[in-house]
Amino acid sequence: MHAHDHDHPPELNRRDFLRLAGASVALAGLDGCSRMPAEHILPYVDSRPELTPGIGSYYATAMSVDGYATGLIVESHEGRPTKIEGNPAHPASLGAAGPIELASVLQLYDPDRGKSARVGSEQVQWERVAANLAPAALRSRVGGRGSGLHLLIEPTSSLLDEELLASVLTAHPDARIYMYSPMLGDGATDAAVQQYDIANADVIVAIDSDFLSTAPFHLRYARQFADNRRLARPTDAMNRLYVVESTFSSTGSAADHRFAVRPREVTTVLRWLLTSVINGDAKTEAPAWIAAIARDLRAHQGRSLVIVGDAQPASIRALGDAINDAIGASGKTTWYTTSPLVGHHVPVHKLADLVGAMDAREVDTLIVIGGNPSYATPRALGFSSLMRAVPNSGYLGLYENETARDARWFVPMSHYLERWGDARAYDGTVSIVQPLVNPLYRSIAPPELYATLAGTSNGGARSYDLLRASWTRRTSGDAETAWSDALQRGVTADAPMSRVAAPTTFPSDTNPFEGTAFEVIYLADPKIHDGSFANNGWLQELPAPLTQLTWGNAGLISPATAHRLNVSDGDIIKLSSGQRALELPALVVPGHADDTVSVHFGYGRTGSESAARDVGADAYALWPAVGARSEAITVTRTGAAQALALAQTQSTGAGRDPVHRATLDAYRASPSSVGQRSGRVLSLYPEAKPPDSNTALQWAMTIDLTTCIGCGACVVGCQSENNIPVIGASEVRNGRSMQWMHVERYFADNGADAAMQPMLCQHCENAPCEYVCPVGATVHSSDGLNEMVYNRCVGTRFCSNNCPYKVRHFNWFDYNKHLSETELMVKNPNVTVRERGVMEKCTFCVQRIREAEIAAGRDGRAPRGTDVQTACQQACPTNAIVFGSLTEPSSEMMRRRNQPRSFAALAELGTEPRVRYLARIRNANPEIHDSR
Amino acid sequence: MPALFPRWSNTVARGSLLAIVVIVCGVILGLMLWVRTSYATGQHASIAQPVPFDHRIHAHALQIDCRYCHATVEQTASAGVPPTAACVGCHNSVWLQSAPFAPVRASLSSLRPIAWQRVNALPDFVFFDHSIHVAKGVGCETCHGRVDRMARVEQAAPLSMGWCLSCHRNPTPNLRPRSEIVAMGWDAAHTSPADDSARIRLQHEYGVRSLTSCTTCHR
């Protein structure tokens, strides 16, 4: 016998291998037999009345995206924030939070954050930088009136910031302030913003507007929209949403009718709609569907609404205003108010003015506060090289990113969870931003920088003192009580922004680029927005709602366009216009507009954000100008291909009907045909045991697919609450996923309609996973939960094999091993952090259930089903998910479960799941026969 | 054909088969017994602490309520060990200067906690909640023994899952009125049949259930 050298390492022959194998079998059982390791108990030195170890504290604060605040309540354990939740009292949240807000807590602990200030390549203290920014020191550079001082800020609605910027201008009267973010563009300095009352709109037409998931007030709009679609009974009224768009957005998936048009056709559609609305039934060249929409709008005079997306130019939006005038929406379901963003008491200029000033060498000192203009501006502007040419450039930011590389000095910025400040919601509601933790690193907040520039502090001012002083100045009456009240509730009792007249812009007459072959449409990424959140693993791994794409972007095209170009998923296409070009993989999306490519911003990063490096392609390289929504391009195949990390590759139901759909008329005609089709299925297994009389509550969940918009907030909320790790792009490409909740997306067979189905462990009463586990690691509790016991699991993965819903996730590797010290702080202490080799799945937030039962037991009362909110239910902006007990027939969960349109997923398998879905009902307009 | 093996190899063959069975069963049995020894569970192990705190003086002689120091036992999962400031509340003059109190002084001056050695430890995958046990009428001494007679705190019970289940499967014999939670020696003094019926009444009054679902403790 000779050793098989090509099979084994040369030293290991068969005899040795067997010897080692035998020994390891013998030793394998022994590690369970050692004693408990010695542990310490480390109490505090002094007792703290506000902190009891083991009990979470909740504080109200607010997070701003593009300057507009969403009120939040943050759960904190032993002084570190672990979970973000919505603030029910805040108008922009109404208790819900979006994926960006929920994931922001991870960004606080990001190990790639800038940790110390730097001048050149030397690490310094902030005080040294501050000394050079004091007016006396700065005036020698920027002139006696400060004409060489230029500040570029992110859009902000902070009253404190505006006050301090005014004091900066007092110290440097000729200094200039610019406000820019890629998504707001020049609109950041608009004097007025448009408000919508979705609650009172029975017919809504959204044109190139993803208002349900990316507008500043989207959480509120989603709730208002869903509240008018609950369909508690088949005879209830239901609102109607028409969506006209070029890409496929979440709002498009929620629409009752969706029309895919090329970007250049948007103006024509609006013009036809306007003439149809004004001229009534007179003969028109408009297509039948536009005439039908116009009739519907007119029939709901005063209770209808046309929304034109913010990214459209003002001249196009003016057409929308004209339609709203004609249908009686102006003043009722839509109106304009003063913009909550700064710019009323302090003159704020556009980015183009700054670029002009840098070109003319008028800028001596440029300080960029937040944002990332070296990356997030059209590459053609050349901001990066212009900034490098500025003699004294500085950057206050979260990361040492592209802008920090171009700046001479860098100061790390405090995350919103570690700083004091204030912010306004889209409707002007003021909230205090209060920190949950002291700054983790030596960072400062923008108010501290402004106070230093204004000379009112020598670098030592704290944003808390600045805010208290500002608060006392602007609060009439008892400022102290108002302060405590504002902190506790998260909102202030301020008057809303005043209404103003609509801006007068003449509607455009010209049609952009007639007859060109292809167009590209530029979009904010639904997960990482404009790139600000690119280093957030939870957001990168969140499957994009319609494409299910993770860890990267792609050029979205329609099936017809793919056929025309002869490309399929992953083939790299090159988009070019003049000198600008962008190469990225193609992804086919049924229902996408033909001859159009959607690209999302935020990828292709090159800074210190390690998770974002080499992820996706940088669309800013192609972007022609600030605010450009679309342009004509040429598209060519490159012949190369790239594997896409898709979380779901099956795009249709394949005839298996996982989502029940119907039109409202069909539902009303025959309610029972829409819901559960089969009765209890014949099965070899005994019927599930009846609920234990020992247990009062039987947990169950109902998910309404009519109101689910596929935003993914439930996924991120679950990930945050249950310590779910990030597995990375290569694992996703292997077909693995770790998120316990996955929003499945099924295109209807003609590709025009997309239904979203949040899929989680169904907690089957006849669970296929339970009877195949060899070690009894997954068992059924007496209150109806399918329990996962991590300490018993040995990793045979038979349970996942048997699960028909594929909602079980295996820890193939130790995904938490390489987490930094700060990233470990985000873990929820009430949930086990799973190690390699165990299976995990949705537990119906059992930690919250037990906590509620224990709290009820302490109070001496019986626990109620309504005491518990699962993390997904809490995050959902539309209240599509409701959790409760089967033993409470009057609860919302039971009322929904008993609707005729309720069905169990894959009911024919006989698993008897505790999760029920409510069929997706479309309020179809009978005059419209097909959506394009 | 001559025999390849000598006759005694039959005995060896049969004997080794028997031996393998005996050894395998023996190893498994041995491991199961080992895990139940008090060495492995830590029961009755006397553990030295940085400060020689004597419960006989504080809990028995001075009759200080358990909850004065273990203050969060009725509110949260962990009963809590008192902060250094709690010691100083009483021992703020003579005792504070004594030699045994050196760790206390060090803690106060450095603002670092006193590193107590944990006696009653459960594995990390067990989520035990004190407050619900106290609320349902389980006394301190039921699980922790006569702490008021311990010079050094020992683990009075094996704290194995089997031991927890023995009560969870039948909690009634371990109940007492909520007013007697901290009373030491109460179990020994209440063993009559009348006390057993009183316990049954308490079980109904406090709504004590027999919880044996895994997620009761393992989440």
Side-chain angles (χ1 to χ4, degrees), chain A residues 26 29-30 32-48 52-55 692 694-696 722 776-783 785-792 829-834 843-851 853-862, chain B residues 27-28 31-32 34-35 39-42 45 47 71-72 74-78 80-86 107-108 110-119 121-127 129-136 159 178 205-219:
Chain A
L30 286 181
C33 302
S34 53
R35 306 180 66 188
M36 285 272 292
E39 285 177 25
H40 287 293
I41 301 181
L42 302 172
Y44 285 107
V45 176
D46 223 328
S47 68
R48 280 142 194 270
T52 308
I55 297 182
D692 202 332
N694 203 12
T695 313
N722 293 294
T778 181
V779 291
H780 217 76
S781 79
S782 51
D783 49 2
L785 302 176
N786 174 281
E787 302 174 310
M788 188 63 222
V789 187
Y790 308 117
N791 39 301
R792 284 188 87 102
N830 294 326
V831 177
T832 303
V833 176
R834 284 77 59 190
T843 56
F844 269 173
C845 279
V846 69
Q847 69 278 4
R848 292 186 174 200
I849 295 175
R850 299 292 173 240
E851 196 183 302
E853 290 174 342
I854 287 173
R858 274 200 296 264
D859 293 343
R861 57 174 172 82
Chain B
V27 166
I28 294 172
L31 289 172
M32 288 175 71
W34 150 256
V35 160
Y39 179 73
T41 61
I47 296 179
T72 53
E74 288 170 319
Q75 290 127 36
T76 179
S78 157
V81 161
T84 317
S107 168
L108 286 171
S110 68
L111 291 180
R112 299 180 79 78
I114 300 174
W116 301 99
Q117 298 288 337
R118 192 159 180 151
V119 175
L122 290 174
D124 286 344
F125 49 81
V126 179
F127 288 83
D129 188 295
H130 271 96
S131 63
I132 188 63
H133 285 81
V134 167
K136 294 290 181 176
L159 297 184
R178 284 198 196 110
E205 186 189 326
Y206 294 159
V208 176
R209 298 181 287 155
S210 164
L211 293 175
T212 51
S213 296
C214 302
T215 50
T216 307
C217 309
H218 297 297
R219 303 171 211 147

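Only this structure's heavy atoms are used, side chains among them; waters, hydrogens and symmetry mates stay out. A note on names: the letters A, B, ... follow the listed sequences, proteins ahead of strands, and every chain is numbered from 1.
- B/Thr216 and A/Arg850 share no donor-acceptor pair across their side chains, judged by distance under 3.5 Å alone.
- With chain A as the partner, the residue from B/Pro123, B/Ser213, B/Gly80 showing the most heavy-atom pairs under 4.5 Å is B/Ser213.
- With respect to chain A, the highest number of heavy-atom pairs below 4.5 Å among B/Gln117, B/Arg112, B/Lys136 belongs to B/Gln117.
- The number of heavy atoms from other shown groups lying within 6.0 Å of CG (B/Asp124) does not exceed 12.
- Using a 4.5 Å cut-off between heavy atoms, A/Val789 touches chain B through its side chain atoms alone.
- Going from atom CE of A/Met788 over to atom SG of B/Cys214 covers 10.0 Å, rounded to the nearest 0.5 Å.
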| said: Between A/Glu787 and A/Thr843, does the side-chain contact (heavy atoms from CB on, under 4.5 Å) criterion hold? Intermediate values first, please. | reply: CA-CA 7 Å; A/Glu787 302 174 310; A/Thr843 56; over 6 Å; no

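- When heavy atoms are compared at a cutoff of 4.5 Å, A/Ser47 approaches chain B by way of both its backbone and its side chain.
- The part of B/Thr72 that comes within reach of chain A is its side chain, from C-beta onward, which places non-hydrogen atoms under 4.5 angstrom from that chain.
- When only modelled atom types and interatomic distance are considered, B/Glu74 and B/Ser131 share no side-chain donor-acceptor pair under 3.5 Å.
- Atom OG of A/Ser781 sits about 10.5 Å away from atom CG of B/Leu211, to the nearest 0.5 Å.
- For A/Asn791, the part lying under 4.5 angstrom from a heavy atom of chain B is the side chain only.
- Between B/Thr41 atom OG1 and B/Trp34 atom CH2 the span is 9.5 Å, to the nearest 0.5 Å.
- Looking at B/Ile114, only its backbone comes within 4.5 Å of chain A, counting heavy atoms on both sides.
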>> Working note: B/Arg219 + A/Thr832, criterion side-chain hydrogen bond (donor to acceptor under 3.5 Å, both in side chains); need CA distance, chi angles, decisive distance, verdict.
In response: CA-CA 6 Å; B/Arg219 303 171 211 147; A/Thr832 303; over 6 Å; no

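- Put simply, of B/Ala115, B/Ala86, B/Ala135, the one with the most heavy-atom pairs under 4.5 Å next to chain A is B/Ala115.
- Residue contact with chain A, scored on non-hydrogen atoms closer than 4.5 Å, involves the backbone and the side chain of B/Tyr39 alike.
- Proximity to chain B (any heavy atom under 4.5 Å) is shown, for A/Asn722, by neither the backbone nor the side chain.
- Contact annotation for B/Ile47: neither backbone nor side-chain heavy atoms come within less than 4.5 Å of a heavy atom of chain A.
- When heavy atoms are compared at a cutoff of 4.5 Å, B/Ala77 does not approach chain A at all.
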